[in-house]
Amino acid sequence: MITFAVWFFLFSKACFSQVSPGAELQLVADGFSFTEGPAVDKEGNVFFTDQPNNRIWKYDVDGNLSVFMENAGRSNGLYFDSEGLLIACADEKYQLWRIDMDGNVEKLAVNYLDSLFNGPNDTWVSPSGLIYFTDPYYQRDYWTRTSPGMQSQALYLYQDGTVTRLDDQFKRPNGIVGTPDGKFLYVADIGDSKIYKYRIQSDGSLTDKQFFAPQGSDGMTIDEEGNLYLTGKGIDVYNPQGEKITHIPVPSNWTANICFAGPNRDQLFITATDKVFTLKMAVKGTK
């Protein structure tokens, strides 16, 4: 594992135009098992998961860390919808949930046709309320099943109580994020080390699938300039043309996910295995 001293040497020797000048990675907390799925609400508070411990945590804009929800359905990826409700990939029973701020759960999607999902992993909600989510198969030690209910590892759309399979041509889909104008969707095939870009139609369907970058990603986010942030071994940033422009090292074996947080959306919030970090940015995320 890379030490903080080595990380700081690497960080200080590079120039990252997206990172605020002089900014250093700040450790928020450690001691988790595996952190994932950060999602930011309208005020800039972050909700993230510690999936093995079955909790959703809240990191507020004042720097306070608290448990938001226990017995959280082994939630993984999270995203807030326009009503301030938390969409959660609850893969304990292979479901997609909607959670209010009192912790009440509505099960949105529990199966596709007659088959259970593999295990919803990551999700993004469009400005018009369309919910997209990826469904790869990762064998969990808390499952009784030892094989998937269906062979397709696919991308889905949830809309008005209906689940539609949009694309099943992946080895293992994972990270997902869309542009703030709702026009484009990025999906990572982490099993094939590729990022794809789609055009979103008015009915929620996808067209014009294009190869975007030769790299997979666990989680993703976008800044106000349209740059795409990918996770895995640290953070890699690609411009809208698909060119890698920045690498941000993170002192952890694995960087699972990221989002822009804080009242001004200028703090990059990073989940990295047993730790979570923040990093002050020169660019902002979108609200």
Can you name the closest pair of heavy atoms from [X] and [Y] and give their distance?
{"X": "Gln267", "Y": "Thr278", "result": "OE1-CB, 3.7 Å"}
{"X": "Ser115", "Y": "Met150", "result": "CB-SD, 4.0 Å"}
{"X": "Ala272", "Y": "Phe277", "result": "CB-CE1, 4.0 Å"}
{"X": "Pro240", "Y": "Gly226", "result": "CG-O, 3.4 Å"}
{"X": "Lys244", "Y": "Asp236", "result": "CD-OD1, 3.6 Å"}
{"X": "Thr49", "Y": "Gly37", "result": "OG1-N, 4.2 Å"}

Test of ring centre spacing under 6.0 Å for Phe260 and Tyr229 | yes

Verify, without hydrogens or angle tests, whether [X] (side chain) and [Y] (backbone) share a donor-acceptor contact under 3.5 angstrom.
{"X": "Asn239", "Y": "Asn227", "answer": "no"}
{"X": "Asp102", "Y": "Asn104", "answer": "no"}
{"X": "Asn264", "Y": "Asp266", "answer": "no"}
{"X": "Asn54", "Y": "Gly73", "answer": "yes"}
{"X": "Thr123", "Y": "Gly77", "answer": "no"}
{"X": "Gln26", "Y": "Glu24", "answer": "yes"}
{"X": "Thr35", "Y": "Lys275", "answer": "yes"}
{"X": "Asp135", "Y": "Ala154", "answer": "no"}
{"X": "Ser20", "Y": "Lys280", "answer": "no"}

Can you measure from [atom1] ([X]) to [atom2] ([Y]) and round to the nearest 0.5 angstrom?
{"X": "Ile200", "Y": "Leu206", "atom1": "CD1", "atom2": "CG", "answer": "6.5 Å"}
{"X": "Ile131", "Y": "Ile87", "atom1": "CD1", "atom2": "CD1", "answer": "4.0 Å"}
{"X": "Asn257", "Y": "Thr221", "atom1": "CG", "atom2": "OG1", "answer": "8.5 Å"}
{"X": "Leu108", "Y": "Asp160", "atom1": "CG", "atom2": "CG", "answer": "11.0 Å"}
{"X": "Lys171", "Y": "Gln153", "atom1": "NZ", "atom2": "CD", "answer": "11.5 Å"}
{"X": "Phe212", "Y": "Tyr186", "atom1": "CZ", "atom2": "OH", "answer": "4.5 Å"}

Side-chain heavy atoms nearer than 4.5 Å, only ILVMFWY residues, links allowed to pass through others: does that put [X] and [Y] together?
{"X": "Tyr156", "Y": "Leu166", "result": "yes"}
{"X": "Ile190", "Y": "Tyr196", "result": "no"}
{"X": "Leu85", "Y": "Leu96", "result": "no"}
{"X": "Leu116", "Y": "Phe133", "result": "yes"}
{"X": "Tyr79", "Y": "Tyr198", "result": "yes"}

Mind running side-chain contact (heavy atoms from CB on, under 4.5 Å) on Leu185 and Leu155 for me, showing each step along the way?
-> CA-CA 11 Å; Leu185 183 72; Leu155 167 67; 4.2 Å; yes

Do the side-chain N and O atoms of [X] and [Y] include a donor-acceptor pair separated by under 3.5 angstrom?
{"X": "Asp91", "Y": "Tyr142", "answer": "yes"}
{"X": "Asn53", "Y": "Ser33", "answer": "yes"}
{"X": "Gln159", "Y": "Thr164", "answer": "no"}
{"X": "Trp124", "Y": "Tyr132", "answer": "no"}

So does Asp114 have more than 12 non-hydrogen atoms from other groups sitting under 6.0 Å from CG?
-> no

Within a radius of less than 6.0 Å around CD of Glu106, do more than 12 heavy atoms belonging to other residues, nucleotides or ligands occur?
-> yes

Kindly confirm or rule out a cation-pi arrangement of [X] over [Y], judged by NZ or CZ under 6.0 Å from the six-membered ring centre and within 45° of its axis?
{"X": "Arg172", "Y": "Tyr138", "answer": "yes"}
{"X": "Lys209", "Y": "Phe170", "answer": "yes"}
{"X": "Arg145", "Y": "Tyr94", "answer": "yes"}
{"X": "Lys58", "Y": "Phe68", "answer": "no"}

Kindly indicate whether the side chain of [X], heavy atoms from C-beta on, has any atom under 4.5 Å from the side chain of [Y].
{"X": "Met281", "Y": "Asp223", "answer": "no"}
{"X": "Leu86", "Y": "Met69", "answer": "no"}
{"X": "Thr273", "Y": "Phe34", "answer": "yes"}
{"X": "Ile235", "Y": "Leu279", "answer": "no"}
{"X": "Gln51", "Y": "Glu36", "answer": "no"}

Audit row: Glu92, Asn71, side-chain contact (heavy atoms from CB on, under 4.5 Å) steps and yes/no | CA-CA 10 Å; Glu92 182 174 25; Asn71 299 316; over 6 Å; no

List the steps, then state whether side-chain contact (heavy atoms from CB on, under 4.5 Å) holds for Val46 with Val276.
-> CA-CA 11 Å; Val46 179; Val276 290; over 6 Å; no

Exactly one candidate in Phe80, Tyr59, Phe269 meets ring-ring contact (aromatic ring centres under 6.0 Å, His included) with Phe47; the answer is Phe80

Derivation of the side-chain contact (heavy atoms from CB on, under 4.5 Å) call for Ile195 and Met220 | CA-CA 10 Å; Ile195 305 294; Met220 300 191 285; 4.1 Å; yes

